[in-house]
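Questions regarding the structure given below will be posed in turn.
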There are 2 protein chains.
Amino acid sequence: MKRPERWNALLELLGRDGRIEVEEAAAELTVSAATIRRDLDELAQQQMLTRTRGGAVAHNLSYDLPLRYKTARRASEKQRIGAAVARMVEHGAVVGLNGGTTTTEIARAIATRGELSDSVGGGPAVTVVTNALNIAHELAVRPHIKIVLTGGVARPQSFELMGPLATGVLDQVSLDLAILGVDALDPERGAAAHHEGEAGINHLMADRAARVVVAADSSKLGRRAFARICALEAIEVLVTDTDATEEAIAPYAEAGVRVIRA
Amino acid sequence: MKRPERWNALLELLGRDGRIEVEEAAAELTVSAATIRRDLDELAQQQMLTRTRGGAVAHNLSYDLPLRYKTARRASEKQRIGAAVARMVEHGAVVGLNGGTTTTEIARAIATRGELSDSVGGGPAVTVVTNALNIAHELAVRPHIKIVLTGGVARPQSFELMGPLATGVLDQVSLDLAILGVDALDPERGAAAHHEGEAGINHLMADRAARVVVAADSSKLGRRAFARICALEAIEVLVTDTDATEEAIAPYAEAGVRVIRA
DNA sequence: GACTTCTCTGCAAGATCATGCGCATTATCA
DNA sequence: TGATAATGCGCATGATCTTGCAGAGAAGTC
């Protein structure tokens, strides 16, 4: 187990219990206590927690989220989804991307797509509008991609920008294509997210776009989440992975959504 | 010479000449041709250039900037400046930060400042308003820091957000303290930047703040740059490094600016 | 069509970094 | 104040990554 995963695990433990003990964590992660100490020291240096004798405690009233520090679960599925979605982006398009691990993979796929590289007339090959800090940060150095970031407040422990400042910026743009990674997709309720602020931004993005593509790995299908993003009718294409069963995707296809399994 | 520096050097060569030859670059950087090939392949993968037989060419009409990919010149000076500036940020303050390598160090120093960690009542210990993508990205995971990002268009090859979207967001906030890293500081002309869009943002940030601190290493003093940010009268404190001579800082002190040499 | 030049791949040497252990020091608790 | 436990530091080991070299293959040239 490498360092970032271990940090992630430690922060997860800490988010759950509010505190951590060195020996306990060492046993849990099957590493030596010295390593845990080092990790805790570094995380304390980063102000992620406060060291105590024998362990550490959460810094503030600890946030509920386990904090996906740098997670990569279902990585290969998401990469395939990313490649499939990236293929739908044509040259010169203005695409909106929301935050999440899936959309991050999509962004990478768009960035490394060779066909988009030969831009005509010096203009950007593709314009990406996003509220995801990590996506913007990753794509910023590519000469052929124009990055537009919504402003707003960074959601704690995450990389998404939210709030009135963000919606204010989105009011002023139009998109050819909105690509939304969602937390849940239900045939009746449509797409939804866990966080209402996020959902609001995503809804606005879908509203501003001529076409809407939803990316959701198979585990998201049929699930419901708290905050609604948009109805099924607003979705033109759903991209999921090959683990999705026929029965799982049938309702969406019947509702007129084009379903792609990557 | 490590990999990021080598990439930086390669991109700098490429930005200057528009193309690169493998053998030539290998000789220049005193590494083997195989290494250059590998580097070029990776950069091509990232869409930073296009590979050709025997070398590579710039991707588009190449941008003028040498592209500070990950540069760290005058690192220790900037770290000292960063620590000094961070000490001026009190608990609960709302501070504005513009982009640049110096302000990035300041942001790191603010983030790792222990005294700010014990936040009272669960509120953020400090609120950072910035148009710098890299700063926002680095600070986003810290629970005790609230990050507000101006929206806008990412300047190609850089990490600063600019344009009307950015100014629109800045219009809606007020700052206790504006911390500006500048490209040039002249006793008569005040602070200035190389890029007019950047200068506009910086000006607005200074305008929105109750107090203005300018951070500029000694090489910036007495220099002039194209786009003016603000007059000397608007500046309350100047933080520079110990390489600045008495004569260099005298005019600023006489003009009523508090000068700190870190 | 042969030759030259460049490229790609596997392999080994080298460096770098993380990890684990032991010991001296320091802090906490009774 | 004394005992116990945790911490910090230094060093050795191990793994991983990077680099350079050499040979095979491919592309371009005359």
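Reminder, nothing fancy here: chain letters follow the sequence lines and each chain counts from 1.
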Figure out the CZ/C1' separation between B:R51 and C:dT5, and round it to whole Å.
->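 So the CZ-C1' distance, B:R51 to C:dT5, works out to 14 Å.
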Considering residues at least two apart in sequence or located in another chain, which fulfil the side-chain contact (heavy atoms from CB on, under 4.5 Å) criterion with A:A34?
->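 Testing A:A34 for side-chain contact (heavy atoms from CB on, under 4.5 Å), a comparison that skips the adjacent residues, returns A:S32, A:R38.
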Below 4.0 angstrom, N of the basic side chain to O of the carboxylate: do A:D41 and A:R51 qualify?
->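 A:R51 and A:D41: salt-bridged.
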Who passes side-chain contact (heavy atoms from CB on, under 4.5 Å) against A:R53, sequence neighbours left out?
->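 side-chain contact (heavy atoms from CB on, under 4.5 Å) check on A:R53 returns nothing, list empty.
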Could you give all pairs that pass the salt bridge (charged side-chain N to carboxylate O under 4.0 Å, His left out) test and reach residues 125-141 of chain A, with sequence neighbours left out?
->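 Listed by first then second residue: A:R108-A:E138.
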Spacing between A:E5 atom CD and D:dT16 atom P, to the nearest angstrom |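 One finds 12 Å between P of D:dT16 and CD of A:E5, rounded.
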Does B:E28 have any side-chain contact (heavy atoms from CB on, under 4.5 Å) partners at least two apart in sequence or in another chain, and if so, which?
->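 Partners of B:E28 by the side-chain contact (heavy atoms from CB on, under 4.5 Å) criterion, ordered by chain and then number, come out as B:L13.
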What string of B, S and - do you get for nucleotides 15-26 of chain C, 5' to 3', if B is base contact, S is sugar-phosphate-only contact and - is no contact with any protein heavy atom under 4.0 Å?
-> ---SBBB----B
Can you tell me the distance, in whole Å, between the CG atom of A:D41 and the P atom of D:dA6?
->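 Interatomic distance, CG of A:D41 to P of D:dA6: 15 Å.
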Just jot down the side-chain contact (heavy atoms from CB on, under 4.5 Å) partners of B:A109, sequence neighbours excluded, or say none.
->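 Residues passing side-chain contact (heavy atoms from CB on, under 4.5 Å) with B:A109: B:A86.
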What integer distance in Å separates B:E21:CD from C:dT5:P?
->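 So the two atoms are 14 Å apart, to the nearest Å.
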